[in-house]
Amino acid sequence: MTAIIGKLAPTKRPGELGIHSMDTFTMTVPDLTVADNFYRAFGLDVREEGEKLALYTFGLDHRWMTISEAGQKKLNHLSFGVFEEDFEPMRRRIEGQGVRLMDPPRGIDSNGFWFFDPFGVLVEVKIAEKTTPSEKTPFFLGSCPGGVAGAPQRSKADTVRPTRLAHILLFTPDVQGAIDFYSRTLGLRLSDRSGDGICFMHGIHGSDHHLVAFARSSAPGLHHCSWDMGGINEVGKGAMQMAEKGFSRGWGMGRHVLGSNYFHYVRDPWGSYSEYSADIDYIPADHDWEAGDYPPEDSLYLWGPEMPKDFVHNYEADDER
Ligand SMILES: [Fe+2]
């Protein structure tokens, strides 16, 4: 089997059942033209597919995200990928836990199985290629030897393009409940947490420190999607690229503690964020990561500007809108 990301063949932890990737997700926004403009500026390959926008990274034929038009911005569904031989055992396990499986929503072509999580988020599990890397993503510093200029003139800087979707952070009314549910159904494992405020979860078959994370709110929602850039310079250039196109609000540049990635978050037109990320921690398939629980002031960021006061705000929740 070839790898869709990186050079290694997909890794697998023997004898254990779990999804290998966060394959794709869908959301709605009030105006597709606004979304097209934002994600194109961000450096993604935005394609019109029927009535929807599909988001790809340049050079890779994998649809990471699909956006359709509806009254307000809202997370629609999450789709996780499993190895073919794990599909039926996983379906049996999840059904055996009393989770009611359902038909795919109308208009969605799917050979996966579908269910709601305890908080009303629609989830699909399907056979898919492993899009989560099977080794730590290379990190480029771009340092030059003596006698050579390292940085181009600003006018000659190229446009940044993310290499892949790295993870998403979701709001949930119950962080512990999310850990319990996604562990027993999808086989995700807790990487680290900060009490009942936020948690980060990884896949067992070799995955970044988190494929999905959950932050507490009164309702489900999408806080951010994160895109790998391959280098800290690309994170900084991305921030500049977006500021020049009018998207200057956000948070960064900085370095996280949990996950260790360098970050810059760009606020999107709906009050959520797209994150430029580089050098996130990696958990190989044969490694048991020891999950920690850290106080908020000692877990969020190692360095960077102060976090904006409204950074963790769920605009999808009725009582926070
Ligand atoms: Fe993130």
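No hydrogens, no waters, no symmetry mates; every other heavy atom, side chains included, goes into these values. Every number for a ligand or one of its atoms is a count from 1 in the order of the listing.
- Partners of Asp45 under the salt bridge (charged side-chain N to carboxylate O under 4.0 Å, His left out) rule, at least two apart in sequence or in another chain, are Arg47.
- Side chain to side chain, Thr28 and Glu69 fail the donor-acceptor criterion of an N or O pair below 3.5 Å.
- Every residue was checked against the salt bridge (charged side-chain N to carboxylate O under 4.0 Å, His left out) condition with Glu297, not counting sequence neighbours, and none meets it.
- Residues that satisfy the salt bridge (charged side-chain N to carboxylate O under 4.0 Å, His left out) test with Asp298, not counting sequence neighbours, are absent from this structure.
- Look at Lys126 and Glu84 and you find no salt bridge, because none of the NZ, NE, NH1 or NH2 atoms lies under 4.0 Å from a carboxylate O.
- Taking the six-membered ring where the residue is Trp, the centroids of Tyr276 and Phe263 are separated by 6.0 Å or more.
- Legend: protein N/O/S atoms lying under 2.8 Å from the Fe ion (ligand 1), waters omitted, number 3.
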